[in-house]
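Note that these values count all heavy atoms, side chains included, but never hydrogens, waters or copies made by symmetry. Values in this document were obtained by computation on a predicted structure and should not be read as measured data. So that the names make sense, note that chain A is the first sequence line, chain B the second, and so on, each numbered from 1.
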Amino acid sequence: MSPALEDDLRAALRAYTAEVDAPDLTATVRRGAARRRRRRRLTLAAAPVLTVAVVAAAVLLVPRWTYSPQDLAAATASLPAADRDLLTRPTGGDLADDSGYLAAVEKAWARSHRSSANSDRGIFDHLLGSPHVVWAGRTPAGPAAVVVQLSDLRKHENVELTREGVAVLWGFAGPGRDGAPRVVADGYPVPGAPDLEGAFIDPGRRVVLVIDKGNAGEEVSWGLSFSRTEKVARRWTPVRWDDGAAVLTAPAGSRPAQARLRFRGGDAEVGNTSDDPRADDLNYGDPRQQWQVADNWALFPVGTDPARAWNGTLPDGYGAQHAWEADLAGWYPTRWPDVQQTGTSLWYAAGTTADGRRLVAGELMLDNYPPRVYAALRGPGTRPAIVSGPTYPGQAVPIRLELPDAQGRLVAAKGKTFAWTEDGVARTARDAALIPDGVTDATADGTPIPPD
Amino acid sequence: MLDASEAGFTEFVRARSTALLRTAVLLAGGDRGHAEDLVQGVLERMYVRWDRIDGPPEAYARRALTHAAVNRWRTRRRRPELPLLTGGGGTGTDTAGRDPAATVDLRDVLVRALLTLPPRQRAVLVLRFLDDLPEEEVARALGCSVGTVKSQTSRGLARLRDRSGHLDLSNTTGGTR
């Protein structure tokens, strides 16, 4: 390999990380370590119970760890009943007898593996037997199908498995541009994650094909809403099976990435919510793109005693991120029950409100939830008052949040200059501002700021 | 933790956090938030067992960081990785004498290509070419043989060449294309 490439790579990596500087992590690490110790104590206390449970599960459930191709039938027998059923049930749907279409689906399935996002996880490296079309039928989006095939999943640098061995892969096919079937989603049993049971089969992401895996009480939810206390709620409607599958149409205005399936005792995943994994972020107005400044977090000083540095400038000596973590990091997970991620804001507005409380605000976007803006006001020795609300991506002022107790309105728009009159004095601020309560002439780059 | 140990740990965090974070950013596919989570998690574990760490803490930290990044739980729909592509930063001299714009383009393409590599292969290249670790230390950090490091390095660079069109870019030097 040429030294030139190595030199270029070395220079590229250094250049791209040159501006990455770590914040002072000492205090954060100490707090985290204390949490770990507490968790460890709890874990140790629970260890005897867990040990008994694990041994019992091992005796009852652990299948053979190795097998030969000749043992395929036996290995298949160890699969969950629902997967065995998928492999053997007669093809359902009104195209079940269309042998040409079924053959086209199998061909599309075989052709799709190289371009699949799961390809580099090695799940297609050891396919076994032939694919089986479980369902094929007409839908409002065109012909669609579900195909399954056995695969011998093995350890691979990019995949984590609960065990090696035979498993069922699922594929969902919709109509391609040329009319031929096109596989739009595939999946395999992912440890700790719901199985793929449905997928948007059309480019417009309006039609979902769901395969019946024998789950009782299957329901679909197309979106979520936030309560005044930021608790997330979903509306669920039953899924009606027809010959082994259900064809569902998403309501207008719903976001594909928010679609979920559930059944009695578990959750399932809807695939093909986006060709571009960032598309939903972009639709929401990805806060990282709006706010991230030179690969560092942005801090916007606001209020009567604005923070101007990360550390030590807020009334109680906290830096903005520390204040955010102290007030908010443990708050939102209790209200967003199914998020898998945790995070902190990439931008902060920090300072002091008119009544002397510390203000820290920021924005979160986790999993496929839409971004939400939060603000926490904390006085000496009191619990923080936390408010939250939507963002307005694409609008001139995407961040507008009314603070509690008549403490004004937080506004933010990267690069814009805010102006208002306060007690007869003209005020300005750039990027973000805390507009005092009662001010009616606030503008952003000369344009009045809209009401919420 | 005793005062002396506490002071040692604090000094280690202060001195090495940025270097670890830079490595983590690349291991995490350019996702700064995830990188900070990784570094913080590693430092928390080190804090808890600071007095029992064998050998240099830096080596332990890199091993733990690499392990956490490479073996992190894979689900299909985690938050997408955000490549660290804006800005560019840094002022390294280009020994090939390319014009600055071409150099920035080349670096951008190389980092983009690096971030598409499988995590383990990416980790080998990051440890070798950002951290300048010898092959033996990379092998220790990844828990594999030196031979695997050699082969992964070779394959990784080959994939970078394929994906970045490195030769084509190099040939633009001095406008000779």
Side-chain angles (χ1 to χ4, degrees), chain A residues 1-2 4-26 28-30 32-33 35-37 40 117-118 120-121 157-160 187 190-193 196 269 271 273 277-278 281 288 292 294-297 340-344 346 365-368, chain B residues 10 13-14 17-18 20-23 25-26 32-33 36-37 39-41 43-45 47-48 70-71 73-80 82 84-92 94-96 103 106-108 110-111 114 118-121 125-126 129-130 132 153-154 157-158 160-161 166 170:
Chain A
M1 197 56 58
S2 75
L5 175 58
E6 296 180 8
D7 290 344
D8 282 337
L9 177 61
R10 193 172 276 115
L13 300 185
R14 285 182 182 156
Y16 271 90
T17 55
E19 294 175 7
V20 173
D21 288 315
D24 186 353
L25 292 169
T26 319
T28 317
V29 165
R30 284 198 187 100
R35 279 196 301 274
R36 280 175 191 272
R37 282 198 178 109
R40 180 166 164 72
N118 283 321
D120 71 356
R121 292 170 182 156
E157 63 185 9
N158 282 347
V159 74
E160 186 152 351
V190 178
L196 184 74
E269 184 176 336
T273 55
R278 291 189 307 147
D281 294 353
R288 293 167 300 195
Q292 202 166 4
D295 303 324
N296 270 312
W297 289 319
Q340 296 180 33
Q341 298 173 317
T342 59
T344 53
L346 293 177
M365 187 184 67
L366 302 178
D367 287 359
N368 290 310
Chain B
T10 302
V13 171
R14 289 205 176 120
S17 289
T18 291
L20 291 172
L21 182 60
R22 290 176 180 180
T23 302
V25 162
L26 287 163
R32 163 90 187 229
E36 292 217 356
D37 291 345
V39 172
Q40 186 179 322
L43 292 176
E44 285 173 8
R45 287 197 290 279
Y47 181 77
V48 170
V70 170
N71 297 319
W73 198 260
R74 301 272 312 200
T75 62
R76 283 180 296 261
R77 301 194 316 116
R78 300 282 298 180
R79 183 171 179 160
L82 179 68
L84 189 75
L85 296 174
T86 54
T91 56
D94 187 343
T95 53
T103 301
L106 172 60
R107 290 175 178 175
D108 187 78
L110 280 174
V111 173
L114 178 92
R120 204 170 171 81
Q121 204 165 65
L125 296 188
V126 170
F129 297 111
L130 175 67
D132 276 335
T153 304
S154 174
L157 289 172
L160 283 191
R161 179 183 295 281
H166 184 263
S170 296

Student: Once you round to the nearest 0.5 Å, how far does CG of Leu5(A) lie from CG of Leu110(B)?
Tutor: 6.0 Å
Student: Can you find a heavy atom in the side chain of Thr10(B) that is under 4.5 Å from one in the side chain of Arg30(A)?
Tutor: yes
Student: Which pair of heavy atoms, one from Arg32(B) and one from Val20(A), lies closest together, and at what distance?
Tutor: NH1-CG1, 3.9 Å
Student: For a quick test of reading the model, state the closest non-hydrogen atom pair linking Val29(A) to Glu44(B) and the distance between them.
Tutor: O-CG, 3.5 Å
Student: Taking all non-hydrogen atoms of both residues, which atom of Leu21(B) and which atom of Ala22(A) are closest, and how far apart?
Tutor: CD2-CA, 3.6 Å
Student: Enter the distance from Thr26(A):OG1 to Tyr47(B):OH here, rounded to the nearest 0.5 Å.
Tutor: 10.0 Å
Student: Starting at CG of Leu160(B), measure out to CD of Glu6(A) and round the result to the nearest 0.5 Å.
Tutor: 10.5 Å
Student: So which heavy atom on Arg10(A) is nearest to which on Asp132(B), and how close?
Tutor: NE-OD1, 3.0 Å
Student: Which atom pair, heavy atoms only, marks the closest approach of Pro23(A) to Glu36(B)?
Tutor: CD-OE2, 3.4 Å
Student: Residues in side-chain hydrogen bond (donor to acceptor under 3.5 Å, both in side chains) with Thr23(B), at least two apart?
Tutor: Arg62(B), Asp131(B)
Student: Taking the side chain as every heavy atom from C-beta outward, state whether Leu130(B) and Arg14(A) have any atom pair closer than 4.5 Å.
Tutor: yes
Student: Spell out, as yes or no, whether a donor-acceptor pair under 3.5 Å connects the side chain of Thr18(B) to the backbone of Asp21(A).
Tutor: no
Student: Rounded to the nearest 0.5 Å, what separation is found between the CG atom of Leu9(A) and the CZ atom of Arg161(B)?
Tutor: 11.5 Å
Student: From Arg14(B) CZ over to Leu25(A) CG, what is the distance, rounded to the nearest 0.5 angstrom?
Tutor: 11.0 Å
Student: What part of Leu20(B) gets closer than 4.5 Å to chain A, counting heavy atoms only: side chain, backbone, both or neither?
Tutor: neither
